[in-house]
Every structure is written in C-alpha cells, then in structure tokens.
Engineer: 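First the structure, then my questions, so here it is.
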2 protein chains.
Amino acid sequence: MSKKIFLIGAGRSASTLVKYLLEQSIELGWQLTIGDQDTEMVKTKVGSAKVNIIKFDVNNENQREKEVQDSDLVISMLPARFHPLVATTCLKHKKHLVTASYVSPEIKAMEEEAKKNGILLLNEIGLDPGLDHLSAMKEIDEIRNTGGKMLNFESFTGGLVAPESDNNPWHYKFTWNPRNVVLAGQGIVKFIQEGKLKYIPYHRLFRRTEIIEIQGYGRFEGYANRDSLKYLDVYNLRGIPTIYRGTLRRPGFSRAWDIFVKLGATDDSYIMEGSEDMTHRDFINSFLTYNPHDSVELKLMHYLHLDQDSPIIEKLEWLGIFENTKVGLKNATPAQILQHILEKKWTLESEDKDMIVMWHQFIYEKDGKKHRKTSSVVVIGDDSVNTAMAKTVGLPLGIATKLILTEKIKLSGVHIPITPEIYNPVLKELSRNGITFKHNLNPA
Amino acid sequence: MSKKIFLIGAGRSASTLVKYLLEQSIELGWQLTIGDQDTEMVKTKVGSAKVNIIKFDVNNENQREKEVQDSDLVISMLPARFHPLVATTCLKHKKHLVTASYVSPEIKAMEEEAKKNGILLLNEIGLDPGLDHLSAMKEIDEIRNTGGKMLNFESFTGGLVAPESDNNPWHYKFTWNPRNVVLAGQGIVKFIQEGKLKYIPYHRLFRRTEIIEIQGYGRFEGYANRDSLKYLDVYNLRGIPTIYRGTLRRPGFSRAWDIFVKLGATDDSYIMEGSEDMTHRDFINSFLTYNPHDSVELKLMHYLHLDQDSPIIEKLEWLGIFENTKVGLKNATPAQILQHILEKKWTLESEDKDMIVMWHQFIYEKDGKKHRKTSSVVVIGDDSVNTAMAKTVGLPLGIATKLILTEKIKLSGVHIPITPEIYNPVLKELSRNGITFKHNLNPA
C-alpha cells in the first residue's frame, strides 16, 4: 500500500526537504501532504509536482487528529514548543514522528508509551542537532569498539557565507536566525579541559577562541557554546578529560564582535529610551563616556583600546554603525537595535551562497599510543533558497523518513540519531547526496 | 496620655534606634514595646531599661492586630516585603507607620486611604534611602527657591571602614549586607550626562569611576548605581542635563574588584559543580585557561594583563584567593563562594569602627553665573555594635518618630522625607546628634 507522509511546516529551511520528499514520492509511490499556514508560499516551492497542500493550524484539534490519523508518518518543522502536541496526537493514532528539534522533557516522558505502541519519535535529526550526532557518534563508537579510550572531543559547527559570495570584511552574513546570532553566548559557558571544569563569562567568550584549519577552505575560529557538558551523557563520554563544543566564524570575527559585547550593545534585558528617533551613531554613543570634543569613533577607540588602523575599526565602519541613519524601531532593546543595523548589511542576497562547516576532533589512546582523528564536512548552498542550511537540515530528516517507511530503521520509542541503526544508513545516503565527511588520522 | 510605640524587628542595624527610643521614652514618658523573633538578643540590647519585649511573629494575624491596635505608632525594621502587611494593619487601626524601606507599589496604593484616615505612612527614612533624601532635597529646594536652575546633581554614598580601623590593602570591610556588595552593579546602569542617556554594562562599570575628595578624609572613588534615573521624578529634576548616583570606595578598590567581575566570579546564575571540595585556588583556576605549566597566579596575570608588581595582585593575594583552603560550601554559585572567601577577611572585628560617607554635588545657574555646591557628611561608628550604619539608619527613623508623636510633623498619606516639613526638623536634630553636613560653594 502507498505510504502517506504528512509534513507540517514548509518554511524557509524546508526547501531541500520538500524537494527530496517529492523525488522519493515519485520513486517509491508515496503520497505527500504538506500542511502550512501559508499555502501560497508552499505552492511556489512545490511547482507542478503532485502533492496535497492544505492550510493547516496545529491548534485546530479536529484537523490535527484527522490529518495525523490519515498518514503513516509525520514530519514536523514547527517550532519545538508545538512538538509535545503533535507527538501526543501521533501516539494516539500510532504514527511515527520525525523532527529536527531537541528532545524536551515532555517528549522524553512519552518513551514508554511510544515503545508499547511500536512507534518511533525520532528527534534531533537536522543539522545541529542532527548531522553532528550522526557524524560524531559513528567515530566515537568506532574508536571505542576497537579498544580506544577517548581523551578529547571537540566539535564545531558554523553557518557562514560561501567563499564565492564573501564580499565583506566580517566574512559573515546571516544564514540562521539573526536574533540567535546576536544573543549567542549570553549566560555562562561551561566545558571540561584536561579534567578541569572551566567557565567563561559572556564578556570574555569572544576573546577565547580556537583556530581550526579545513583543507581547501582555509582557517576558521571557534568560540565555545554554552552546552558542552550535556554531551557527556548524550554521547556516553562521562570521565573524558576534555570536551568542548563551539561555533565557527572566519578569523577576526570574534574579536570584532567582542566590541559589541563590551559596549553592552547585545543586551536584551532592557528597552532603550527614544530608540525610534535614535540614529546608528546615537546608539553607539549611548554606551560611551561623555566628551563634547571627541568624535564617537575616537571615544570608542579610546574606550576599548583600539588603534585607528585596526581591522576592527574597518569592520565596524563597514557596518555603518557610525552613520546618522535612523534606527526607527519603537521600544527596542540594544540587541534588537543591533540586529536591525546588522540586517541591513549581513543579509544573503538572492544570488549569494551560504556555507555550512562542521568539524570534529577525537583524541584517543589505543595500544599505548595517542591518536588524533578529525572529521569534517563543508556544504555550499546553491543559492539563497536552496541553501546549505536547507540541505543539511532537510536531507537527514528526509533520509530518516525514507529509512523508517522502508523499514530499514525499525526502532520504537523516543530516539536521537546516535545508534548505528540510524547513523550508518543515514550517513551513507547523505554521502550519495553530496554530504561526505573527510577524515584525517595522525599520531597525537 | 503616654504615647505607645511598637518597634518591630531589632536586629543588627537597630542598636542606635533602640538607644534613641529608650532615651526619648524616659524624657517624654513614652511606652516602648519591641517585637522580635529573638527576645534574648533584644534583651542584651536593651539592658535594664524599662521596655516591653515580646516574641513577635508578623504573620500571626491575631498578634499583629493586637499589638498594632495597642500602639500609637509602629516602626518596622522588617524586610521590605512584610511592609504591605504591616501597613494594612496600621491603616485598619489608624496608626502611623515609619520604615526605612523603599515605597513599594503596594504601599503607594494606600495613599488615599491613609490620607482619608489621617495617618502617615512615612518610608525611606533611614540612611540610603533616607539621609540622602533629607540632605539633597534641602539643597535642591533652596537653590530653586532662590531662582537657581539645576544643571547637575551627583550623589554618592559609601559604607566603609574608618581610617583608624583600616588595616588592609582594599581599605574596605563588610559593613552592609555582604551579598549585596558582591552582587552590586549587576544588570544595566543608566544615567544622564549633559542631556545624553548613558548606559554602562556590568563588565565595564568598575572601570568608569569618579574621584571625590572630602576634606579631612582624603580621596574616594565612586562607581555608578543602577537607579539614577528614578530620582528625576523623586526630586522633580526632569530636564536636568546630568544626574548620577553612585557608591563610594577608597581609590583602587574598583579596579581590583573588576578582576572578579572579569573572571566571572560574581556570577550568581549557576551552581558550580563540586563547590564543596573546591579550594580557593581551584575556584579562581576554573575561570582561567588550561595550561599545565603555568601557576594560577601567572595565568590570571596573563589573562587580565596585570603586572606581577601591580597593587591589584597584592590585594588579591591578601584575600587568600590563591590559597589551597577548602571552600566547603555545597551547591554554591560563584558569587556565594566569593562572598564566603571575602567574609574570612573583610569582617569588622569587635573593636573595629565603620564609616559612612555621603557626598552630593549641585551645579546650578543663577543670575547668569554657574555655581557648584557640595554637601557632605562623614559618620564614624563607636564600635562593631554601635556602628555608623546603625546611627545613620536609626537616628532619622527615631527622630521622625519623635516629630510625629509630638505633632511637629502633621502630614498624612504615603510620604518620603523630601518636604521641608520633614527634612528641616530632622536635619536639625541629626545635627544635635553629631550628624552635620558640611557645605562648600564655588563658581563652577
């Protein structure tokens, strides 16, 4: 019998997923239904392909029940907060669910019932989380299964602009949610280095970076993510001397970004008075000391000990932060104003290509010797619609869907892609679709 | 008829208040009742004086009703959160209430009923808030009443150690709540300078200080408080080009304190793993980069660009932060651990004297000329019980109580001490009790 897939949400990062599902539908005779608030937008994505498009509201209980009941598998691209609702409906009607979101405590609590009903709630199978789990766990399992002892795990991912579209001194454009980029790293960062727990406060984070080189793509710098420690349990790495996860940028980005952190311009905790009538220049000036004789530029350089010919000043000037352009945002926080200013400059143009970079390092001891393995992948987007982001999120989701419906994956319960039954076939098919990890092995 | 006063709470900072009320009770024939959870502690404070001491629980409704009803005026030294409860009971029985706490929205909302019943809810009449209102408003009113236009208002207060008890390189000991000292300045600081709103993020706050000199007591440095802007309304200063309130320390304190801020050691937002078994040295090391060859001292100097012979290093070493002494606190935040370490060194010994310093600056235009007036007071404690803190909190409270009961203050409603009817007689009697502001007037 023809399998029925119900995809909920087909926005910005779903283009590759929709394309993949359409191709597979033709090949395997699936019936695809796409539910979204905006059916016109979906139609432009789908073209003339044979697919059922419906206006869908997840909070409409009757509609949700009907559509889930009528399918064999549900893929949800909705924001994570809706997933307990969708999963409950899937459990009720014994349908599999695939998402790219983190397992929430509510989803975790459905483990037993999902197992009992023989259905799979597969989560965290996009890019990050997703591709990182697949690629890291394969290596970690291989090291451990052949008698190696893990000493060091570092993992970095970045959403960047492709070299061919890189035309600004930051070597960066927004390819993910700009708000998350502006707020990145706020709070406390924890990791373990040589057995010692280390903490980095936000205002030091962007000065403690690591340099990573990827053959053919040059140098990157990584700053620490907040969440390294939770991977001790996820990857069963308790006791490992060093664990560190981070975000990649091009070298020089972090040091310049740190200027905004130091000024207080990324603060999202209070509304700035008069933000509507403020200019970019007023915005920056409000963080600097009063001095009627010095320019805003000079005060900033003096305050943060920058040389006039510093590449940081070039980056800041390029962003237009010293210009007398109106912000025009009402009751905005500093972070919202900064995002607004950055969005004028860091937006991907329609012909621009983005780039996803993922890099892992595994240091381990085996037969009395230390080894260092790296595993990395670089994915370049086709254009501003078929982005590297859409590929790396959508293909793991689509491939997992196929493997479940063709019964190559026969798990039940709540899962993330850290078992060989999932990562081996998904990585194999990703490779057929142009996403292949490269490996290096050296003595450490 | 003999007036009855009910004082609720007679802890640490109430010693001068109790002494003052006992003296006035003898002179004016008052009856004083003191209610506290700890009646033994109160007995040691009161000695052989004739006073009614009762074990009092503010949440016991019957007891609260009875004691309030049986009095003419209630003074509450309880934490501010209990004041709406106490004030409601006072309103019900038509009794005046005096506190040193900020007016909360709940108290503010009682304005009309208090007026209707002819009772006075007098708040913010301790040190800060209290003495600052009294002394600043007197000057501001005088300037405005004689045709002056306020251009600049700066106000700094500090609780410090007296010069004769100052025996450490920080020139500081805890005289107020240590937790508030460790957390001081977290969040965003706002003030107005020359008509421009200025914001200072926490990690820059302790590097943007002002130097203030007070004749006979030398130099102090002030860092900005969070709340300068709310005084625009409180003192009716909307439109003033510069307003700035701050906290005083001895020069060099802030720059050294900034090291803890930069490390992240004042963070109160997360629990440090293994805090119980951690040493002081481990604590500091957890904020520094890993390096098996360098000492914690060297790593800190390198990380924060300090010279080995810097006075900052001397201050840090004096605190014992590099020692292998166990912290011994379970599940503690960095701020809690730091407070614990500091309390071993910064505690007032029984023979130590504390010092309260308050300094205001008023710049104004009058008859086409600019004038600069300063107003300051320094109060030294007698010992670690009869502290300057207890005097400067207790005397304004006690004096206001006397003025209300002797009908020198006849206000009703919710008030803070910013009207001549309050500040003139209170300041006069404070002066008789050794708290006299000194003034300086110069062309600006």
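Chain letters run A, B, ... following the sequence lines, proteins first and then strands; every chain starts at 1.
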Engineer: Got a second to check how far A:Ile200's CD1 is from B:Leu288's CG, nearest 0.5 Å?
Structural biologist: 11.0 Å

Engineer: Enumerate, including both backbone and side-chain atoms, all donor-acceptor pairs under 3.5 Å from chain B to chain A.
Structural biologist:
{"from": "B:Lys198", "atom 1": "NZ", "to": "A:Asn285", "atom 2": "O", "distance (Å)": "2.8"}
{"from": "B:Lys198", "atom 1": "NZ", "to": "A:Leu288", "atom 2": "O", "distance (Å)": "2.8"}
{"from": "B:Tyr199", "atom 1": "N", "to": "A:Ser286", "atom 2": "O", "distance (Å)": "2.9"}
{"from": "B:Tyr199", "atom 1": "OH", "to": "A:Glu273", "atom 2": "N", "distance (Å)": "3.3"}
{"from": "B:His203", "atom 1": "NE2", "to": "A:Val261", "atom 2": "O", "distance (Å)": "3.2"}
{"from": "B:His203", "atom 1": "NE2", "to": "A:Lys262", "atom 2": "O", "distance (Å)": "3.2"}
{"from": "B:Arg204", "atom 1": "NE", "to": "A:Tyr303", "atom 2": "OH", "distance (Å)": "3.2"}
{"from": "B:Arg204", "atom 1": "NH2", "to": "A:Tyr303", "atom 2": "O", "distance (Å)": "3.1"}
{"from": "B:Arg208", "atom 1": "NH1", "to": "A:Phe287", "atom 2": "O", "distance (Å)": "3.1"}
{"from": "B:Arg208", "atom 1": "NH1", "to": "A:Tyr303", "atom 2": "OH", "distance (Å)": "3.1"}
{"from": "B:Val261", "atom 1": "O", "to": "A:His203", "atom 2": "NE2", "distance (Å)": "3.1"}
{"from": "B:Lys262", "atom 1": "O", "to": "A:His203", "atom 2": "NE2", "distance (Å)": "3.2"}
{"from": "B:Glu273", "atom 1": "N", "to": "A:Tyr199", "atom 2": "OH", "distance (Å)": "3.3"}
{"from": "B:Asn285", "atom 1": "O", "to": "A:Lys198", "atom 2": "NZ", "distance (Å)": "2.8"}
{"from": "B:Ser286", "atom 1": "O", "to": "A:Tyr199", "atom 2": "N", "distance (Å)": "2.8"}
{"from": "B:Phe287", "atom 1": "O", "to": "A:Arg208", "atom 2": "NH1", "distance (Å)": "3.0"}
{"from": "B:Leu288", "atom 1": "O", "to": "A:Lys198", "atom 2": "NZ", "distance (Å)": "2.9"}
{"from": "B:Tyr303", "atom 1": "O", "to": "A:Arg204", "atom 2": "NH2", "distance (Å)": "3.0"}
{"from": "B:Tyr303", "atom 1": "OH", "to": "A:Arg204", "atom 2": "NE", "distance (Å)": "3.2"}
{"from": "B:Tyr303", "atom 1": "OH", "to": "A:Arg208", "atom 2": "NH1", "distance (Å)": "3.1"}

Engineer: Can you tell which part of A:Ile188 gets under 4.5 Å to a heavy atom of chain B, answering side chain, backbone, both or neither?
Structural biologist: side chain

Engineer: Which residues satisfy the ring-ring contact (aromatic ring centres under 6.0 Å, His included) test with B:Phe283, sequence neighbours excluded?
Structural biologist: B:Phe287

Engineer: Pick from B:Pro201, B:Pro334, B:Ala265, B:Gly187: which one has the most heavy-atom pairs with chain A under 4.5 Å?
Structural biologist: B:Pro201

Engineer: Side chain from CB out, backbone as N, CA, C, O: work out which of these in B:Leu263 comes under 4.5 Å of a heavy atom of chain A, or both, or neither.
Structural biologist: backbone

